[in-house]
There are 2 protein chains.
Amino acid sequence: MSTATVSRVVHGQDRVRPATRQRVLEVIEALGYVPDSAAQSMARRRKEVIGLVAVEARSPDTEIEHEGLLFIEEVLRGVESTLSPLGWPVLISVRRPELSTGDDKDAYQWLQRMSAKVDGLVIAEGFGPEGQLAKLAARIPVALVAGSPSVPYADIVGIDNRAGVTALVRHLIEEHGRTRLWFVGGPREAPDAQERRTAFAQTLARYQGARLAGSSEGRFGAYSGRLAVREILAAPEVPDAIVCANDQMAIGAIQELRGAGIRVPADVSVTGFDDVYLGAMLTPPLTTVHQPMRLLGERACSLLLDRIGEPGRPRRIERLPTRLVVRESCGCPGDAGPA
Amino acid sequence: MSTATVSRVVHGQDRVRPATRQRVLEVIEALGYVPDSAAQSMARRRKEVIGLVAVEARSPDTEIEHEGLLFIEEVLRGVESTLSPLGWPVLISVRRPELSTGDDKDAYQWLQRMSAKVDGLVIAEGFGPEGQLAKLAARIPVALVAGSPSVPYADIVGIDNRAGVTALVRHLIEEHGRTRLWFVGGPREAPDAQERRTAFAQTLARYQGARLAGSSEGRFGAYSGRLAVREILAAPEVPDAIVCANDQMAIGAIQELRGAGIRVPADVSVTGFDDVYLGAMLTPPLTTVHQPMRLLGERACSLLLDRIGEPGRPRRIERLPTRLVVRESCGCPGDAGPA
DNA sequence: CTGTTAGCGCCTTCAC
DNA sequence: GTGAAGGCGCTAACAG
């Protein structure tokens, strides 16, 4: 019997006599035959795998634990769940900068290697120079999560950082009468961090009575939040609200404040951004801005799939809405404690 | 210039004149050439990818959120981090039973397909019939996380459930004088759940003064914990301690108890198992048994790698230690509230 | 040092 | 309906 026939049977094609099909199936079962996917990929020039890459933002110190990945994990879920009906698995690789040496060059190699194993790539965070990305995107379909739109070809899905931050600052000032705000920003390279920073500054500028008490620059990890608080405690003026560019840092900040005997929100409001699962369980529950992380993953994946199906189609950019989530760390009363 | 030369250059082999190498490198750079991994896999008969599969245990109701995956995510981290130095990515697929129809057959197909794309498979949770697993393991290297040792060939890494549960029950009874314990178990199919259940029963039997107030059977999700509490509230006898077979269910139980106006731990102790990150942040912080989830992933991955390197080597079984983590939900005093 | 050759396992067209 | 043949892109062995 020829391999062609077997192939036909395996793929459920019609032009096979039932008896033959039956026989083939039996043998396959008996032998435990499974077609090799590498060979399939090569022959039909499609791998049926999409890749998800991210860099694990880890601050200099021992911030080993659950810091950077909460966001990525949500994105992963989104990606995985939209792929799962197709039966495509997700290829994951997270880069740990401190392990490698020559940053940019290595990072590029790494992306290249990943790109060789997949039909499309979702790039979730902390990617490098845009020139490299552009080259990558020219070669295989790429979707950026929360990336800056300056990369041509790549599809992009991001969130409305501006609206979120604006609502947050407004809430702090108008509802709670906060006047001395401290901003804990994220890394310069992250487009989202940038947007949040400028949105914060611009919104604050709109209010007469309120002003910037100071600001710190963090790396999006809880440890950065702790550091920021130490900085704040050493500062001449104590803020009455600390606005963190993400939840992780807010969590770190709250922990450090608690350690210093400062009450949240009685003495100072603390807010985050992202609406990580954990935030709702904290004491006090974290006031934050919800961003649909999972949906980000889903959309990015869908765009990618579309582009894989139709490589030449014009690039698409989506911006998902954010939503202010008022809990207690801003000073609002809770209903019944953490749910 | 021949493809062989290019191949040599790409793989940094020596027998190439520097000038030639240089020239090749330039062209590669100019063309943005990246070797196709499918072809490489085929030629060198190795894919340099390992797979991680799990089934998402989701209870009948709308338990969509962060329920089942906390464990898997930790395992994933472990796997990913031990692979990362090698530069191997992880191929992930999680199966959602409710989406598919013919369970066992489908599940097997799914495993087969995954197995065709990787050099080895880490199976993390909720796999099916052992016969199928055995066949799979005979074909490619397989490592089971928390699996029962009855599958031949497969390497296995699990934890010491017995010691953990024993320490927990002992603590509840000896330190807190609890006498009416309610057990919220996990799914029958899960080997870990089984071990915890019998360890619980056996330990309890050793104490004269304490007895089983009742028990429920859950699915390891938070919702199961809530259901269990409803059951408890409707029961004739109210327990003074609720021992849950994992943290998720304990969290759900605490939420439901709070909703019913029952204080934890004043009215009833609640304990979990796993030591999920979240547990420490709750109010009250959860007393639980720590299991090294990440390490499980690391060990499973290492065993797999070993076996890939030496397919015929005898199967290995590792059992990692657990550790009682006393926080406040059992009734112990906290130091300074949730950290 | 470099080119040639023979597959790796599968799919696809084309004969039969 | 089924078999034969060529090629997917790369590596490894062998010539030169």
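Residue numbers start from 1 in every chain, and the chains themselves are labelled A, B, ... in the order their sequence lines are given, proteins ahead of strands. Note that the structure is a prediction, hence the values are computed from the model and not measured.
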Assign a letter to each nucleotide of nucleotides 9-16 of chain C from its 5' end: B, base within under 4.0 Å of a protein heavy atom; S, sugar-phosphate only; -, no contact. BBSB----

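- Salt-bridge annotation for B/Glu74 and B/Arg77: present, with a side-chain N of the basic residue lying under 4.0 Å from a carboxylate O of the acidic one.
- When the C1' atom of D/dG1 is taken as reference, atom CZ of A/Arg23 falls 12 Å away, rounded to whole Å.
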Chi angles and distances behind the salt bridge (charged side-chain N to carboxylate O under 4.0 Å, His left out) call for A/Lys135, B/Glu29: CA-CA 11 Å; A/Lys135 270 165 69 179; B/Glu29 176 63 21; 3.1 Å; yes

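- In this structure, B/Glu48 places its CD atom 11 Å from P of D/dT11, rounding to the nearest Å.
- Backbone-only contact: B/Thr20 has heavy atoms under 4.0 Å from sugar-phosphate atoms and none from a base.
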For A/Glu73 and A/Arg294, what are the C-alpha separation, side-chain angles and deciding distance, and is it a salt bridge (charged side-chain N to carboxylate O under 4.0 Å, His left out)? CA-CA 8 Å; A/Glu73 280 164 1; A/Arg294 189 155 176 176; over 6 Å; no

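- Closest approach of A/Trp88 and A/Val49 over heavy atoms only: CE3-N, 3.8 Å.
- The only option from B/Arg113, B/Lys47, B/Lys117 that meets the salt bridge (charged side-chain N to carboxylate O under 4.0 Å, His left out) definition with A/Asp36 turns out to be B/Lys47.
- At the phosphate of C/dT2, neither OP1 nor OP2 sits under 4.0 Å from any side-chain N or O atom of B/Thr5.
- Electrostatic pairing of B/Arg313 and B/Asp155 counts as a salt bridge here, judged by a charged N lying under 4.0 Å from a carboxylate O.
- Ion pairing between a basic and an acidic side chain is recognised when a charged N comes within 4.0 Å of a carboxylate O; A/Arg315 and A/Glu310 show no such pairing.
- The C1' atoms of five pairs define one axis at each end of the helix from C/dC1-D/dG16 to C/dC16-D/dG1, and these two axes lie 40° apart (to 10°).
- In this view, B/Gln109 satisfies the side-chain hydrogen bond (donor to acceptor under 3.5 Å, both in side chains) rule with no residue, not counting sequence neighbours.
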